[in-house]
**Q** 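Following this message is one structure expressed as structure tokens.
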Amino acid sequence: MHLTVKQIRWESDGVVSLTLVDPSGSELPAWEPGAHVEAHLPTGLVRHYSLCGSVDDPTCYRVAVLRDRRSRGGSRFVHEDLRVGARLDIRGPRNRFPFTPAARVEFVAGGIGITPILPMVREAVRRDLDWRLWYGGRTRSAMAFVDELCALDTGRVRLFPADRDAFIDLDAALGRPADDTAVYCCGPESLLRSVQDRCAGWPEGALHYERFVAPRTAEDPAARGVQTAAGDGTDVFVVVADSSGAEVKVPAGRSILEALEDANVAAPFSCREGICGTCEVRVLEGIPDHRDLVLSDDERRTGNSMMICVSRARSPRLVIEL
Ligand SMILES: Cc1cc2nc3c(=O)[nH]c(=O)nc-3n(C[C@H](O)[C@H](O)[C@H](O)COP(=O)(O)OP(=O)(O)OC[C@H]3O[C@@H](n4cnc5c(N)ncnc54)[C@H](O)[C@@H]3O)c2cc1C
């Protein structure tokens with residue numbers, strides 16, 4: 001879609017929201033809480049942004065972008081160069097973080113991780129669910145959409161600005177596993193890790209989360225999984241693209257996506273880090289060796305789909321829907 005930036009709004013320190021509309025006034029495709037779009041910036045960079053407006057308003061999309069001080073260009077461009085009236089090429093919406101209502105919901109958001117959570121909270125209000133939001137940020141002034149959230153139900157929103165020595169009280173939020181409770185979390189890696197640890201004793205499938213960036217520290221097991229994805233696999237295997245019948249050898253040190261590109265077989269991709277879900281394909285035959293950070297444990301076990309930008313195969317042959 002070629003959309004126009006209708007409004008840029010300062011939401012909090014370091015966060016601007018963009019309102020995007022179709023220049024002809026047409027309605028935009030419907031979406032559900034947790035969905036994100038892929039923005040193709042004029043600089044050539046592709047970045048993903050969660051939709052944080054209203055699912056009931058088909059006339060526009062709202063996204064919010066945090067200025068990353070170490071940005072290689074995406075958020076810097078949005079904050080410094082993007083202007084009202086500019087055209088933005090958008091793909092999607094796509095949803096790898098869907099909200100499935102439960103009787104009780106604990107939402108945990110850190111910083112810009114509030115963006116996918118906000119429409120979920122609205123949905124929880126609409127469905128009259130028993131929900132609580134645990135929202136932390138660097139400072140109160142850096143936390144976007146606080147007024148909007150509090151207007152939904154101030155009694156259910158707990159704010160934790162770190163500059164006031166307030167850190168999200170995960171003991172209170174997740175201290176006791178509960179059968180009828182779902183946990184939805186988005187935020188920095190440290191928060192995701194803590195929430196994962198707390199939810200270790202919770203019923204399987206209770207925790208749902210989304211990462212915005214791939215972890216990068218060498219000590220981080222998740223980072224090791226992603227960064228060594230292509231280099232790790234020593235075994236050569238063959239990947240078969242089902243529709244074209246193309247058979248491509250994937251050597252050690254190459255990802256499936258790279259091997260397909262080498263063989264001129266077109267495949268969808270975006271982040272190349274196993275984090276955005278764009279390259280997800282169905283697995284028709286063979287055993288995937290998952291290296292992404294998107295699929296849940298359950299999805300990995302069933303092996304029905306995989307992210308070809310980082311994952312490899314445990315079987316000598318893999319047939320994928322492509
Ligand atoms: C599903 C999804 C939804 C998202 N939703 C949002 C949203 O709603 N709002 C939002 O602001 N962002 C969102 N993001 C993140 C967004 O797409 C960008 O990744 C983010 O804005 C940073 O982009 P950038 O170009 O400014 O920074 P980048 O240049 O991509 O850098 C990001 C960080 O990673 C580090 N880094 C990057 N590459 C390397 C490297 N090769 N080696 C070492 N360090 C590196 C940088 O130091 C920096 O801290 C989402 C991402 C995903 C996958």
Side-chain angles (χ1 to χ4, degrees), residues 8-20 31-53 61-82 88-99 109-121 135 137-138 142-145 184-192 208-220 222-224 226-230 268-280 292-295 307 309-310:
I8 303 180
R9 208 179 111 118
W10 185 256
E11 297 291 353
S12 66
D13 284 354
V15 178
V16 293
S17 69
L18 312 177
T19 304
L20 308 172
W31 57 283
E32 295 196 336
H36 70 271
V37 292
E38 189 180 286
H40 292 244
L41 304 176
T43 54
L45 290 174
V46 177
R47 292 292 183 262
H48 304 88
Y49 301 117
S50 303
L51 292 173
C52 61
Y61 288 156
R62 182 177 70 168
V63 296
V65 181
L66 169 71
R67 163 96 204 227
D68 188 320
R69 269 175 292 169
R70 288 171 298 167
S71 170
R72 287 167 300 173
S75 59
R76 194 176 59 223
F77 172 82
V78 169
H79 277 253
E80 290 181 5
D81 299 320
L82 193 64
L88 212 48
D89 294 341
I90 295 289
R91 273 211 203 149
R94 182 178 301 124
N95 199 347
R96 283 293 330 174
F97 189 34
F99 176 57
I112 195 63
I114 193 64
T115 49
I117 299 289
L118 172 52
M120 294 185 190
V121 171
Y135 178 18
R138 258 184 312 113
M143 294 167 67
F145 305 122
Y184 284 82
C185 175
C186 186
E189 191 59 28
S190 52
L191 177 65
L192 288 179
H208 310 259
Y209 58 88
E210 183 162 74
R211 277 189 174 81
F212 281 179
V213 287
R216 295 190 191 281
T217 57
E219 319 75 68
D220 195 323
R224 278 204 298 278
V226 170
Q227 289 182 340
T228 60
F269 71 92
S270 180
C271 70
R272 289 181 179 271
E273 294 186 307
I275 194 157
C276 74
T278 306
C279 68
E280 182 169 12
D292 64 277
L293 294 165
V294 178
L295 295 175
M307 309 300 149
C309 72
V310 290

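Whatever order the structure lists them in is the order used to number ligands and atoms, beginning at 1.
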**Q** Number the atoms of ligand 1 from 1 as they appear, then name those within less than 4.0 Å of a heavy atom of Thr115, with their elements.
**A** 7 (C), 8 (O)
**Q** Any nitrogen or oxygen of Arg211, side chain or backbone, less than 3.5 Å from one on ligand 1?
**A**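 Between Arg211 and ligand 1 (N or O atoms, distance only) the closest approach is not under 3.5 Å.
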**Q** For Leu66 and ligand 1, does the shortest N/O to N/O distance drop below 3.5 Å?
**A** yes
**Q** For atom 41 (N) of ligand 1, state which one of Arg96, His48, Glu38, Arg72 supplies the nearest heavy atom.
**A** Arg72
**Q** Under the ring-ring contact (aromatic ring centres under 6.0 Å, His included) test, which residues partner His79, sequence neighbours left out?
**A**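 Listed in chain order: nothing, the list is empty.
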**Q** What are the two closest non-hydrogen atoms of Asn95 and Glu32, and how far apart are they?
**A**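 Where Asn95 meets Glu32 most closely, the heavy atoms are ND2-O, 3.5 Å.
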**Q** For ligand 1, which atoms sit closer than 4.0 Å to a heavy atom of Val65?
**A**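 Listed by number with element, the hits are 11 (O).
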**Q** Quick one: does ligand 1 sit under 4.0 Å from the side chain of Ala64, the backbone, both or neither, non-hydrogen atoms only?
**A** backbone
**Q** Output, in order, the C-alpha distance, side-chain angles, deciding distance and verdict of side-chain contact (heavy atoms from CB on, under 4.5 Å) for Met143 and Ser12.
**A** CA-CA 6 Å; Met143 294 167 67; Ser12 66; 5.8 Å; no
**Q** Could you tell me which atoms of ligand 1, counted from 1 in the order shown, lie closer than 4.0 angstrom to a heavy atom of Ile112?
**A**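 Listed by number with element: 9 (N), 10 (C), 11 (O).
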**Q** Within 45° of the axis and under 6.0 Å from the centre of the six-membered ring of Tyr209, does NZ or CZ of Arg211 qualify?
**A**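 Verdict for Tyr209: no cation-pi partner in Arg211.
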**Q** Would one find an N or O of Glu210, backbone or side chain, under 3.5 Å from an N or O of ligand 1?
**A** no
**Q** Please state whether the rings of Phe99 and Tyr184 are parallel, tilted or perpendicular, taking 30° and 60° as the class boundaries.
**A** perpendicular
**Q** Report yes if some N/O of His36 lies less than 3.5 Å from some N/O of ligand 1; otherwise report no.
**A** no
**Q** Is Asp68 close enough to touch ligand 1? Criterion: a residue heavy atom under 4.0 Å from a ligand atom.
**A**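 Yes; Asp68 lies near enough to ligand 1 that a heavy-atom distance drops under 4.0 Å.
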**Q** Quick one: side-chain contact (heavy atoms from CB on, under 4.5 Å) partners of Leu66, sequence neighbours excluded?
**A**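 If we apply the side-chain contact (heavy atoms from CB on, under 4.5 Å) test to Leu66, skipping adjacent residues, the hits are Val15, Ile112.
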**Q** Please report whether ligand 1 has a polar contact with Arg76, defined as an N or O pair separated by less than 3.5 Å (distance criterion only).
**A** no
**Q** Report yes if Ile275 has an N/O atom closer than 3.5 Å to an N/O atom of ligand 1; otherwise report no.
**A** no
**Q** Using a 6.0 Å cut-off, check whether atom CZ of Arg91 has over 12 heavy atoms from anything other than its own residue.
**A**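 Open.
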**Q** So which heavy atom on Ser71 is nearest to which on Arg76, and how close?
**A** O-NH1, 3.2 Å
**Q** Any idea which heavy atoms bring Ile275 and Cys271 closest together, and the distance?
**A** N-SG, 3.3 Å
**Q** Of Gly34, Ala35, Ser50, which has the heavy atom at the shortest distance from atom 5 (N) of ligand 1?
**A**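 Minimum heavy-atom distance to atom 5 (N) of ligand 1 goes to Ser50.
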